[in-house]
Novice: 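If you scroll down you'll find the structure; I have some questions about it.
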Amino acid sequence: MIRIEKLNKSFAKLDVLKDVNLQFGSGEVICLIGPNGSGKTTLIKCLLGLVLPDSGKIYVKDESVLGTWSYRKYFGYMPQIGRFPEQMKVRQVFQMMKDLRGGSASPDEDLVNLFSLDQIMEKRMGYLSGGTRQKVSAALAYLFNPEILILDEPTAGLDPVSSERLKSKVLKEKQQGKLTLITSHNMTEVEELADKVIFIVDGCIQFNKTVAAIREEAGENRLGKALAIMMEGYAHV
């Protein structure tokens with residue numbers, strides 16, 4: 001569904017992405033992990049067309065997407081920190097997004113209902129807690145029934161019940177053939193959701209392995225500990 005070939009990006013003299021090659025298929029949950037400043041966010045922004053790479057190719061459904069915008073209809077995006085006009089009401093934010101994307105014949109309002117957002121539609125965004133803003137961001141990401149979801153630290157700031165509801169939604173959509181890319185520092189979240197894990201450091205892919213392969217290579221069944229062993233090993237290479 002997505003193919004990335006020899007992707008490079010620099011900001012001034014800082015090389016942020018270095019010859020990144022990746023491929024993602026439908027019906028997968030991929031977790032992208034790595035230290036702060038490793039290039040995860042830049043990679044996501046390249047996929048979304050928010051950052052233009054210096055070189056390389058990105059294909060979505062076998063179509064090159066660099067310099068185009070129509071492919072974004074396939075994506076739903078939940079940023080780590082959702083920023084909205086503070087004077088707008090929740091209802092107005094949803095309507096604005098529907099107007100921008102042209103609406104949908106079959107909107108996905110699962111999270112609107114699960115998070116009880118219908119009860120706060122007349123509240124202004126500026127008065128919402130950080131966790132409630134996260135709920136709005138999550139609901140907007142899924143609203144247009146996209147084939148590809150990009151969720152940046154999705155459960156950060158969510159209460160435990162809402163976090164479980166969002167994770168259940170991720171797994172439900174996987175069964176529907178959706179591709180979900182998640183960045184996370186939460187190893188429990190990775191263990192519960194991931195089919196594959198990509199570890200990136202200083203703009204380079206250190207490993208891209210299935211959960212089963214990581215457990216086998218590390219000799220550890222608990223994924224969080226297995227990942228720690230793997231990451232420590234690559235840190236000393």
Novice: Please determine whether a side-chain nitrogen of the Lys or Arg among Arg215 and Glu191 lies less than 4.0 Å from a carboxylate oxygen of the Asp or Glu.
Specialist: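 Yes, this pair counts.
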
Novice: Taking atom types as modelled, find out whether Asp118 and Asn113 have a side-chain donor-acceptor pair closer than 3.5 angstrom.
Specialist: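 Not at all, the side chains of Asp118 and Asn113 share no donor-acceptor pair under 3.5 Å.
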
Novice: Has Glu122 got more than 12 heavy atoms of other residues, nucleotides or ligands less than 6.0 Å from its CD?
Specialist: yes

Novice: Only one of Asn145, Leu117, Leu143, Leu114 clears side chain to side chain contact (heavy atoms under 4.5 Å, CB included) with Glu109; which?
Specialist: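 The option that passes is Leu143.
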
Novice: Is the number of heavy atoms from other residues, nucleotides or ligands under 6.0 Å of Glu164 CD greater than 12?
Specialist: yes

Novice: Ignoring hydrogens and angles, tell me if any N or O in the side chain of Thr183 forms a donor-acceptor pair with the backbone of Glu153 under 3.5 Å.
Specialist: yes

Novice: So Leu151 and Tyr142, do their side chains get closer than 4.5 Å, heavy atoms only?
Specialist: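 Yes; the side chains approach each other to less than 4.5 Å.
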
Novice: Should Arg3 and Asp62 count as an ion pair when the cut-off is N to O under 4.0 Å?
Specialist: yes

Novice: May I ask you to check whether over 12 heavy atoms, not counting those of Lys89, lie within 6.0 Å of atom NZ?
Specialist: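 Counting other residues, nucleotides and ligands, NZ of Lys89 exceeds 12 neighbours.
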
Novice: Kindly say whether Asp202 contributes a backbone atom to a donor-acceptor pair with the side chain of Lys18 at under 3.5 angstrom?
Specialist: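 Here the side-chain-to-backbone pair exists.
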
Novice: Check this for me: Leu52, atom CG, are more than 12 non-hydrogen atoms of other residues, nucleotides or ligands nearer than 6.0 Å?
Specialist: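 Count not over threshold, so no.
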
Novice: Closer than 3.5 angstrom, by distance alone: can the side chain of Asp195 be matched with the main-chain N or O of Val29 as a donor-acceptor pair?
Specialist: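 Yes.
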
Novice: Both conditions, 6.0 Å and 45 degrees, for the charged tip of Lys9 above the ring of Phe11: are they met here?
Specialist: yes

Novice: As a test of understanding, state which of Lys174, Lys61, Lys178 forms a salt bridge (Lys or Arg N to Asp or Glu O under 4.0 Å) with Glu147.
Specialist: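 The option that passes is Lys61.
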
Novice: Identify whether the distance between the nearest side-chain nitrogen and carboxylate oxygen of Asp108 and Lys169 falls below 4.0 Å.
Specialist: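 Yes, Asp108 and Lys169 are salt-bridged.
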
